[in-house]
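Numbers here simply count residues along the sequence, with the first being 1.
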Amino acid sequence: MEPVGQVRNGPRDQLDHFLLYGSFETDRDLGAFSKSCGYTVHAPGEGFLLERIDLPFGTPAGTDPCGFTRWRLPG
């Protein structure tokens, strides 16, 4: 019997990575702040690839927002 609340075969078990991400409008100039928090800041309109988890595609950012990402292993 499994412990209550344990998730099996969820994203954590399958991929062993967490992706934290978000975006902000370019006129807010939050790039330096995001970098200081450990995020990678992408250029306006630049998406990011999901190659790290063996997915052959990425996410578009649109034309105005700056995206930011942070990969980390669970635990």
Side-chain angles (χ1 to χ4, degrees):
M1 179 175 242
E2 292 182 45
V4 175
Q6 182 175 347
V7 177
R8 292 192 45 123
N9 298 322
R12 181 180 198 156
D13 291 337
Q14 294 174 359
L15 304 175
D16 286 334
H17 284 84
F18 286 113
L19 172 61
L20 307 171
Y21 65 95
S23 65
F24 56 88
E25 295 84 12
T26 54
D27 61 344
R28 295 194 61 200
D29 196 23
L30 295 171
F33 172 76
S34 297
K35 285 181 184 178
S36 73
C37 294
Y39 290 91
T40 299
V41 178
H42 305 278
E46 178 186 0
F48 56 91
L49 298 175
L50 300 173
E51 294 171 332
R52 185 175 297 199
I53 54 174
D54 292 329
L55 294 176
F57 55 86
T59 61
T63 56
D64 183 40
C66 289
F68 56 92
T69 55
R70 183 174 177 186
W71 290 92
R72 64 182 180 140
L73 292 171

Participant: So, using side chain to side chain contact (heavy atoms under 4.5 Å, CB included) as the criterion, who are the partners of S23 when residues are at least two apart?
Facilitator: P65
Participant: Looking only at heavy atoms, what is the nearest atom pair of G31 and V41, with distance?
Facilitator: O-CG2, 3.6 Å
Participant: Could you tell me the separation between the CZ atom of F48 and the OG1 atom of T40, rounded to the nearest 0.5 Å?
Facilitator: 10.5 Å
Participant: Excluding sequence neighbours, so at least two apart, what forms side chain to side chain contact (heavy atoms under 4.5 Å, CB included) with L20?
Facilitator: Y39, R70, R72
Participant: Is there a side-chain contact between Y21 and T59 in this structure, where contact means two heavy atoms from C-beta onward sitting under 4.5 Å apart?
Facilitator: no
Participant: Looking at side-chain heavy atoms only, is the closest gap between F24 and S34 below 4.5 Å?
Facilitator: yes
Participant: Please examine the side chains of L50 and W71, heavy atoms only from C-beta on, and report whether any two atoms are closer than 4.5 Å.
Facilitator: yes
